[in-house]
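These notes concern the structure reproduced below.
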Amino acid sequence: MVARVIPVDPFDLVIFGGTGDLAKRKILPGLYRRFLAGQMPPEARIIAAARSEMDDAGYRALAGASLAEFVSKSKQDEKAIGEFLERLHYVTIDATGEGGWKALKGLMRKGVVRAFYFSVAPSLFGDLAERLHSHGIADGESRIVVEKPFGRDLASARALNAVLAEHFNEEQIYRIDHYLGKETVQNLMAVRFANVLFEPLWNAQYVDHVQITVAETVGVGGRGAYYDKSGAMRDMIQNHLMQLLCLIAMEPPYHFEPNAVRDEKLKVIRALEPVPAEDIVRGQYRAKPANGGAAEPSYAEDVDNPQSRTESYIALKARVANWRWQGTPFYLRTGKKLRARTSEIAIVFKEAPHSIFGEEESWRANILAIRLQPNEGMNLSVMIKEPGPGGMRLTDVPLDMSFADALGEDGMDIPDAYERLIMDVIRGNQTLFMRGDEVEAAWAWTDPIIEGWESRGDRPKGYDPGSSGPEDALMLLHRDGRRWREIRG
Ligand code: NAP
């Protein structure tokens with residue numbers, strides 16, 4: 001099946017931080033892939049801005065090198081890359097100074113969509129917003145895209161919202177959470193709200209519990225200085241896992257329209273109960289001894305802070321206090337240096353109320369597993385009779401639907417989250433972006449949890465690299481008579 005491509009309106013997209021890691025790894029490759037797919041009209045233009053001194057030719061060389069590194073070989077078309085690079089321009093601008101803004105204004109055209117991607121540290125958001133206005137570059141129709149982290153607590157998120165609100169209204173602000181741009185995540189809404197099959201079962205009467213896992217195999221890498229001030233709760237749970245939880249738990253919106261969807265997500269966040277200390281397990285990865293291979297440093301060594309109490313792993317039990325979910329816990333876990341790289345949501349349905357197949361036939365739950373990576377897709381495990389003459393023995397088999405197999409012409413034609421989200425910005429569709437009140441509500445739930453372990457002086461438990469996390473995390477489910485799904489790549 002070939003994806004339908006509808007070209008967007010002509011645009012000028014300005015990428016502040018156009019020389020940075022995110023621009024090189026995600027934004028430019030994403031834009032190129034949309035260009036290759038025919039979604040970019042001939043008048044579309046991309047203007048990068050940063051402090052480095054460079055001209056258009058210099059920037060095109062930088063962008064060309066990024067595409068060579070970060071676009072899959074099968075999509076590297078020399079002619080197309082040349083044409084794409086022609087659309088790139090560069091302006092030297094320091095967000096905190098006045099130089100370069102006039103040149104940027106001179107490049108902007110009238111009558112096209114104006115979008116400004118703030119791919120810089122959040123401390124510069126205010127400077128950029130202010131200067132885009134004082135230099136008459138942004139107007140009431142312009143859009144701005146802002147990256148995570150959106151604050152580190154409720155107070156800082158409020159401050160960021162206030163800074164942006166001085167110059168832009170909410171309809172102009174696109175807060176990116178790239179998890180929402182993933183094909184499977186959007187499919188989750190399609191599966192829930194376009195089929196009659198699941199919705200009647202989507203509640204505490206039939207769903208025993210939900211597990212949301214985002215596991216990484218890498219450590220903190222070069223992000224140590226940032227990560228040690230953040231930790232898994234701020235870096236992953238408050239935003240990505242929270243958004244996934246919302247999409248599972250929310251009521252059907254009256255229409256697939258940005259504010260209708262976001263209103264329903266907000267209600268879920270507001271319905272989250274405080275999490276008691278006994279429902280949280282934090283972990284920190286240990287060093288890996290050489291054992292014949294290469295030794296790896298511990299988390300504390302990685303972040304160069306022997307006293308660090310920051311968690312590289314967290315598991316917690318969340319409860320949504322409303323009619324639909326009363327009694328159905330949502331277990332969330334995420335961590336670094338775990339056994340495999342995987343992101344998965346598992347809806348674990350309840351046991352059949354009565355087994356007609358006898359006591360010895362141990363019953364296993366139906367599970368709807370939604371994989372975000374690797375191999376985006378959904379998998380519903382159902383019970384069937386074990387084949388053969390051995391009597392009525394049961395076994396579970398997957399009804400598997402891998403999107404790549406079912407939808408991709410060459411099995412790989414699923415757009416990356418960033419390219420989809422950037423095109424949504426140009427189209428003016430905010431459905432997959434977080435609204436300011438959503439972000440604040442998420443911090444309002446997160447803050448007391450963090451304050452709790454900080455005031456108690458809790459230390460994270462150690463866990464071995466390549467494991468499933470600390471032992472205590474197993475107990476979080478065991479004591480409820482449940483168990484985690486295996487972390488598998
Ligand atoms: P980065 O590699 O450090 O790049 C920062 C960019 O900002 C560079 O282009 C830098 O260029 C520019 N810059 C710095 N100070 C500036 C100033 N005063 N005025 C104008 N430009 C300035 O950071 P990044 O990894 O690309 O991240 C950018 C944003 O995305 C951050 O908010 C980050 O948290 C977020 N983010 C990144 C990732 C990722 O995978 N990298 C993922 C999620 C979110 P010059 O030095 O030339 O000015």
Side-chain angles (χ1 to χ4, degrees), residues 1 3-4 6 174-175 177-212 239-272 318 320-328 330 332 343-350 366-373 376-382 398-404 406-407 414-415 417 420-421 423-424 427-435 437-438 441-442:
M1 194 185 293
R4 219 165 9 130
I6 303 165
Y174 292 72
R175 294 175 196 78
D177 185 319
H178 69 272
Y179 271 62
L180 290 180
K182 289 181 184 285
E183 186 76 6
T184 324
V185 170
Q186 293 165 70
N187 243 309
L188 187 56
M189 285 190 274
V191 165
R192 274 195 67 188
F193 303 131
N195 297 290
V196 77
L197 199 62
F198 294 108
E199 201 50 27
L201 307 178
W202 212 262
N203 55 53
Q205 195 184 344
Y206 294 102
V207 177
D208 180 71
H209 71 281
V210 176
Q211 297 185 18
I212 305 180
N239 40 51
H240 305 316
L241 278 83
M242 169 77 78
Q243 288 295 323
L244 300 181
L245 184 155
C246 285
L247 295 177
I248 299 288
M250 74 185 196
E251 296 300 316
Y254 69 89
H255 191 33
F256 192 62
E257 183 269 322
N259 278 329
V261 172
R262 299 188 300 176
D263 284 347
E264 296 305 336
K265 287 191 337 204
L266 179 62
K267 283 185 210 161
V268 173
I269 303 174
R270 290 195 171 143
L272 283 172
V320 182
N322 62 20
W323 277 36
R324 186 188 282 266
W325 295 115
Q326 194 55 50
T328 296
F330 287 69
L332 315 183
S343 300
E344 184 198 75
I345 302 167
I347 317 289
V348 182
F349 290 94
K350 287 188 173 168
N366 298 133
I367 297 175
L368 177 65
I370 300 142
R371 284 190 311 270
L372 277 66
Q373 65 187 25
E376 292 194 49
M378 295 196 189
N379 178 319
L380 178 66
S381 70
V382 293
L399 287 180
D400 202 346
M401 190 179 123
S402 156
F403 294 153
L407 300 179
I414 297 175
R420 167 187 306 276
L421 291 173
M423 289 301 112
D424 277 357
R427 273 194 287 260
N429 185 338
Q430 290 185 302
T431 309
L432 300 174
F433 297 84
M434 295 178 296
R435 209 168 53 191
D437 52 3
E438 261 184 272

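Index from 1, following the sequence. Quick note: numbers below take in every heavy atom, side chains included, and nothing from hydrogens, waters or symmetry partners.
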Heavy-atom closest contact ([X] atom, [Y] atom, distance):
{"X": "Gln326", "Y": "Ala321", "value": "OE1-CA, 4.1 Å"}
{"X": "Ala190", "Y": "Asn195", "value": "O-ND2, 3.7 Å"}
{"X": "Pro258", "Y": "Asn429", "value": "CG-OD1, 3.7 Å"}
{"X": "Glu199", "Y": "Pro252", "value": "OE2-CG, 4.1 Å"}
{"X": "Arg192", "Y": "Ile248", "value": "NH1-O, 2.8 Å"}
{"X": "Leu421", "Y": "His178", "value": "CD1-CA, 3.8 Å"}

Say you draw a straight line from [atom1] of [X] to [atom2] of [Y]; how long is it, rounded to the nearest 0.5 Å?
{"X": "Leu432", "Y": "Lys182", "atom1": "CG", "atom2": "NZ", "value": "13.0 Å"}
{"X": "Arg435", "Y": "Asp263", "atom1": "CZ", "atom2": "CG", "value": "4.5 Å"}
{"X": "Asp177", "Y": "Met434", "atom1": "CG", "atom2": "CE", "value": "4.5 Å"}
{"X": "Ile212", "Y": "Glu344", "atom1": "CD1", "atom2": "CD", "value": "10.5 Å"}
{"X": "Ile347", "Y": "Leu368", "atom1": "CD1", "atom2": "CG", "value": "6.0 Å"}
{"X": "Lys267", "Y": "Met250", "atom1": "NZ", "atom2": "CE", "value": "10.5 Å"}

Between [X] (side chain) and [Y] (backbone), is there a donor-acceptor pair under 3.5 Å?
{"X": "Ser381", "Y": "Ile367", "answer": "yes"}
{"X": "Trp325", "Y": "Ala249", "answer": "yes"}
{"X": "Arg262", "Y": "Phe433", "answer": "yes"}
{"X": "Gln186", "Y": "Gly181", "answer": "yes"}
{"X": "Asp208", "Y": "Phe349", "answer": "no"}
{"X": "Glu376", "Y": "Thr184", "answer": "yes"}

Next item on the list: Fit a plane to each ring of His240 and Tyr179, take the angle between them on a 0 to 90° scale, and name the class: parallel (under 30°), tilted (30 to 60°) or perpendicular (over 60°).
Entry: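 Rings of His240 and Tyr179: parallel, as their planes differ by under 30°.
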
Below 4.5 Å, heavy atoms only, C-beta onward: do [X] and [Y] meet side chain to side chain?
{"X": "Trp202", "Y": "Arg324", "result": "yes"}
{"X": "Val268", "Y": "Lys265", "result": "no"}
{"X": "Glu438", "Y": "Met242", "result": "no"}
{"X": "Val261", "Y": "Phe256", "result": "yes"}
{"X": "Leu372", "Y": "Leu244", "result": "yes"}
{"X": "Val191", "Y": "Ile370", "result": "no"}
{"X": "Val320", "Y": "Leu245", "result": "yes"}

For Phe193, I'd like to know if atom CZ has over 12 heavy atoms of other residues, nucleotides or ligands within 6.0 Å. yes

